[in-house]
Amino acid sequence: MTAPHNSTLNTAPVHWADIGVNLTDKQFQDDRDQVLARARSAGVTWQLLTGTNVEESRQAIALASQHDDLFATAGLHPHSARFYSPALEKELRELLGQQSVKAAGEMGLDFNRDFSPRSDQEHAFEAQLALAVEHKLPVFLHERDAHERFAPILKAYRDHLVGAVVHCFTGSREALFDYLDLDCHIGITGWICDERRGKPLAELVHNIPDNRLLLETDAPYLLPRDLPEPPPKKRRNEPSLLPWIGKRVASLRGQDVARVAGMTSENARALFR
């Protein structure tokens, strides 16, 4: 599969940063090198690999350590919050000290599916926020249908955190402005390319300040629905499609594609140091 291009993207060298890639997912196990090659060919020159549990975090760190343009997060996703324990926290503390780790997470609250009890989610979220403060790392945040509890928990720690991004934002106008008031970055995915579910987000994205906007594919998930060619095999998303998402965001914001690429890449490098 090749990434879709357009004349705007091809007028000058453009570099993109994908701040959310699940590159250790089994869907990439047979062609991971080719996926990386396609991403670089499409101008995606910086990627943050998501760690959602201890084992995936270890795998992301190991992969990132082999490439100059790959970095990692380390954390426990709210779906698995019921497994948080002193032993797991000890492992996370060790992982957060690794050189290639640039953020703590994925952490947060998910009251949509409730795969872990909400009390366990809140406990794991607060514990990981404290670890991020301890390690002076920004946080990679997950929030779904939990804004009313998520925002006050984050607010209690925000002044002590070096940075925060609300990953894969799909929330309300109220949530967006609350997170911006907390000086958070906002991660936008291919959800914005969905003419049905993504319409509310499309109407909000122009409100994100230039210096708070970040882009991500969340590959292999959230394949853009508006691709102009037959969908990839198994409908797998990959980082080479980030420019397609960027083009959509640029159009909605009334900005040049190269400007969106440049400022979001600069934002990623600044937030994740």
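Around CD of Glu148, the count of heavy atoms belonging to other residues, nucleotides or ligands within 6.0 Å does not exceed 12. By the neighbour-count criterion of 12 heavy atoms within 6.0 Å, atom CD of Glu266 is sparsely surrounded, having that number or fewer from other residues, nucleotides or ligands. Atom CD of Gln99 has 12 or fewer neighbouring heavy atoms from other residues, nucleotides or ligands inside a 6.0 Å radius.
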Tyr221/Arg236 under side-chain contact (heavy atoms from CB on, under 4.5 Å): CA gap, chis, key distance, verdict:
CA-CA 7 Å; Tyr221 314 112; Arg236 185 186 73 175; over 6 Å; no

Determine whether Val21 and Leu242 satisfy the following criterion, side-chain contact (heavy atoms from CB on, under 4.5 Å), listing intermediate values before the conclusion.
CA-CA 10 Å; Val21 187; Leu242 189 70; over 6 Å; no

Do Phe272 and Leu48 pass the side-chain contact (heavy atoms from CB on, under 4.5 Å) test, and can you show the C-alpha distance, the side-chain angles, and the key distance before you say yes or no?
CA-CA 9 Å; Phe272 299 112; Leu48 188 67; 3.7 Å; yes

Run Arg113 and Asp145 through salt bridge (Lys or Arg N to Asp or Glu O under 4.0 Å) and show every step you take.
CA-CA 9 Å; Arg113 296 187 177 181; Asp145 295 348; over 6 Å; no

Derivation and outcome, side-chain contact (heavy atoms from CB on, under 4.5 Å), residues Glu106 and Leu141:
CA-CA 6 Å; Glu106 185 173 350; Leu141 301 170; over 6 Å; no

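Aromatic pair Phe111/Phe150: centroids not less than 6.0 angstrom apart. Annotation: Trp191 is not in aromatic contact with Phe169 [ring centroid separation under 6.0 Å not met].
The shortest distance between side-chain heavy atoms of Leu201 and Asp194 does not fall below 4.5 Å. Contact of the Asp69 side chain with the Phe71 side chain is not registered, since no non-hydrogen atoms from C-beta on lie closer than 4.5 Å. The shortest side-chain heavy-atom distance between Lys102 and Thr73 does not fall under the 4.5 Å cut-off. Contact check for Trp244 versus Pro228: side-chain heavy atoms found under the 4.5 Å cut-off. Residues Ile208 and Ile188 are in side-chain contact: their nearest non-hydrogen atoms beyond the backbone lie under 4.5 Å apart. At a threshold of 4.5 Å between non-hydrogen side-chain atoms, the residues Val165 and Leu271 count as touching. Side-chain contact check for Leu76 versus Met107: every heavy-atom pair is 4.5 Å or farther apart. Within the 4.5 Å cutoff, side-chain heavy atoms of His167 are placed close to those of Asp218.
Looking at Glu143, its side chain does come within 3.5 Å of a backbone N or O of Ala146 through a donor-acceptor pair. Remark: side-chain polar atoms of Arg235 are not paired, donor with acceptor, to backbone N or O of Leu223 under 3.5 angstrom. Between the side chain of Glu94 and the backbone N or O of Lys90, no donor-acceptor pair lies under 3.5 Å. Ser265 places a side-chain N or O within 3.5 Å of a backbone atom of His15 that can act as its donor or acceptor partner. A donor-acceptor pair is defined here as one N or O able to donate and one able to accept, closer than 3.5 Å; no such pair exists between the side chain of Asn22 and the backbone of Pro220. Using modelled atom types, no side-chain atom of Arg225 and backbone atom of Leu222 make a donor-acceptor pair closer than 3.5 Å. Under the 3.5 Å distance criterion, the side-chain polar atoms of Ser41 are left unmatched by any main-chain donor or acceptor of Ala37. Panel note: side chain Arg158, backbone Leu182; a donor-acceptor pair is recorded below 3.5 Å. In this structure, Ser251 contributes its side chain and Lys247 its backbone to no donor-acceptor pair below 3.5 Å. Side-chain N or O atoms of Gln121 include one that pairs as donor or acceptor with a backbone N or O of Ser116 at under 3.5 Å.
Using modelled atom types, one finds a donor on one side chain and an acceptor on the other under 3.5 Å when comparing His147 with Tyr179. Judged purely by distance below 3.5 Å, without hydrogens or angles, the side chains of Asp210 and Gln255 pair a donor atom with an acceptor atom. If you check the side chains of His123 and Arg82, you find no donor sitting under 3.5 Å from an acceptor. Judged by distance alone, the side chains of Ser240 and Glu238 do bring a donor and an acceptor atom under 3.5 Å apart. Checked by atom type, the side-chain pair His142/Asp110 shows a donor-acceptor distance below 3.5 Å. Side-chain contact check for Asn237 and Thr217: no donor-acceptor pair (N or O, by modelled atom type) lies under 3.5 Å.
One distance of note links CG of Leu23 with CG of Leu49; it measures 5.5 Å at 0.5 Å rounding. Of the inter-residue distances, the one linking Asp178 atom CG with Ser172 atom OG reads 7.5 Å to the nearest 0.5 angstrom. For the atom pair CD of Gln27 and CZ of Arg32, the computed distance is 11.0 Å after rounding to the nearest 0.5 Å. For the atom pair OG1 (Thr189) and CG (Asp18), the distance works out to 10.0 Å, reported to the nearest 0.5 Å. Residue His135 holds its NE2 atom at 11.5 Å from CD of Gln128, rounded to the nearest 0.5 Å. One finds the CG atom of Leu70 at 13.0 Å from the CD1 atom of Ile61 (value rounded to the nearest 0.5 Å).
Linking Ile, Leu, Val, Met, Phe, Trp and Tyr residues whenever their side-chain heavy atoms come within less than 4.5 Å places Val249 and Val44 in a single cluster. Put simply, Ile19 and Ile192 are part of two different groups of oily side chains (I, L, V, M, F, W, Y) that touch within less than 4.5 Å, one to the next. A continuous path of ILVMFWY side-chain contacts below 4.5 Å connects Leu176 to Ile153, so both sit in one hydrophobic cluster. By the criterion of side-chain heavy atoms lying less than 4.5 angstrom apart, applied directly or through intervening Ile, Leu, Val, Met, Phe, Trp or Tyr residues, Leu161 is not grouped with Leu131; the two fall into different hydrophobic clusters. If you chain together hydrophobic residues whose side chains sit under 4.5 Å apart, Val205 and Leu214 never meet in one group.
Considering all non-hydrogen atoms of both residues, Gly51 and Ser57 come closest at CA-OG, 3.4 Å. Nearest approach of Leu96 to Ala74, heavy atoms of both residues: CD2-O, 3.5 Å. The two residues Gly20 and Phe140 have their closest heavy-atom pair at CA-CZ, 4.2 Å. Leu137 approaches Ala104 most closely through the heavy-atom pair CB-N, 4.2 Å. Scanning both residues, Ala132 and Val139, for their nearest heavy atoms gives CB-CG1, 3.4 Å. Among all heavy-atom pairs drawn from Val14 and Ala258, the shortest one is CG2-CB, 4.2 Å.
Using a cutoff of 4.0 Å between basic side-chain nitrogens and carboxylate oxygens, Asp181 and Lys155 are not scored as salt-bridged. Contact check on Asp31 versus Arg38 returns a salt bridge, with a Lys/Arg side-chain nitrogen under 4.0 Å from an Asp/Glu carboxylate oxygen. With salt bridges taken as basic N to acidic carboxylate O contacts below 4.0 Å, one links Arg58 and Glu91. Ion pairing between Glu195 and Lys199 fails under the 4.0 Å rule for side-chain N and carboxylate O.
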